[in-house]
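A short worksheet on the structure shown next.
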Amino acid sequence: DTEVTQTPKHLVMGMTNKKSLKCEQHMGHRAMYWYKQKAKKPPELMFVYSYEKLSINESVPSRFSPECPNSSLLNLHLHALQPEDSALYLCASSQAERNTIYFGEGSWLTVV
Amino acid sequence: QKEVEQNSGPLSVPEGAIASLNCTYSDRVSQSFFWYRQYSGKSPELIMSIYSNGDKEDGRFTAQLNKASQYVSLLIRDSQPSDSATYLCAAILFTRSNDYKLSFGAGTTVTVRA
C-alpha cells in the first residue's frame, strides 16, 4: 500500500466550481509533487515543493493553485476548470528532490 | 529529441517467457533511473531503481543500466498474467532552468498470454 494518501479518489465538478485535491504523507519526505496524467500518456509534472517552498511550476495555468501548508500536506486548489482538465491527478513525494518518487493512488477528476 | 524514449510496444509474451523492455535517455549527466508499473486505472508503482552501471535483480525483475550507451532496460523473467500492465521508464534529468525533474518515457504496455 502506498504511504501517500490522496483525497478524494473521484471528483466531478462543474466549470464554475471551486474544489481542492488533498495529499498527505507521513514518511518524513521533504519534496512533494503534483502530476497530471491523461489516458494512455505518461504522468506530466505540474508542481514541485521542496521544504514547503514551491520549487518548480511547469507553466501550469493559474486555474490550478498549489498549496503546501506543512511538510506532510499538499493541496491543489481548482477553480474555473475546463473539460480538457479531466484527468488523473497524482500526488507524489520523495525524501528530497532528485530522490526516488513514490506516488499516491491518485484523484480522478472529471470536469463537466 | 525526447528526453526519455521507450520501445513503444505493445509487447505480448506467453506466460513463463521473458519480457524485455528498453529505454534510452538523452541527458549524459543523469544518475538515477526508475521503472514504474501501472495497472489500468491505477497509479504508477515503483518496481526498480538503478543508479550504477550493470545489473540489479529483484525477484523476477532485472534492471540493466549502461551509462556509456545511455540506455536502461528491464527484464521480467517467468512472466505471469499479473505482470500485464504498462511499464514506465523514468530518469531524473537536469533541466534548462537548472532544476532536476523526473521525466517519463511514453510507456510500454505488456500483455502476458496465459
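Computation of the quantities below employed the complete heavy-atom set of this structure, encompassing side-chain atoms and omitting hydrogens, waters and symmetry-equivalent molecules. Since we're looking at a predicted model, the values are computed, not measured. Numbers restart at 1 for each chain; the letters A, B, ... are given by sequence-line order, proteins then strands.
Annotation: side chain of A/Glu97 is not in contact with side chain of B/Lys101 (no heavy-atom distance under 4.5 Å). Side-chain contact between B/Ser32 and A/Thr100: absent, with no pair of heavy atoms (C-beta onward) separated by less than 4.5 Å. The shortest side-chain heavy-atom distance between B/Tyr36 and A/Tyr102 does not fall under the 4.5 Å cut-off.
To the nearest 0.5 angstrom, B/Ile92 atom CD1 is 7.0 Å from A/Asn99 atom CG.
Shown here is A/Lys38, whose NZ atom has more than 12 heavy atoms of other residues, nucleotides or ligands within 6.0 Å. Counting non-hydrogen atoms of neighbouring residues, nucleotides and ligands closer than 6.0 angstrom, the CD atom of B/Gln80 exceeds 12 such neighbours.
The contact between A/Gln37 and chain B is made entirely by side chain atoms (from C-beta outward), counting heavy-atom distances below 4.5 Å. With a 4.5 Å cut-off on non-hydrogen atoms, B/Phe33 does not touch chain A at all. Neither the backbone nor the side chain of B/Glu45 comes within contact range of chain A; no heavy atom of the residue lies under 4.5 Å from a heavy atom of that chain. With a 4.5 Å cut-off on non-hydrogen atoms, B/Leu102 touches chain A through its backbone and its side chain both. Using a 4.5 Å cut-off between heavy atoms, B/Thr86 makes no contact with chain A at all. Neither the backbone nor the side chain of A/Tyr33 has a heavy atom closer than 4.5 Å to any heavy atom of chain B.
Counting all heavy atoms, side chain and backbone alike, B/Phe104 lies closest to A/Pro42 at CB-CB, 3.7 Å. In terms of heavy-atom proximity, A/Leu88 sits nearest to B/Lys42 at CD2-O, 4.2 Å.
Checking side-chain atoms of B/Ser43 against main-chain N and O of A/Gly104 turns up a donor-acceptor pair under 3.5 Å.
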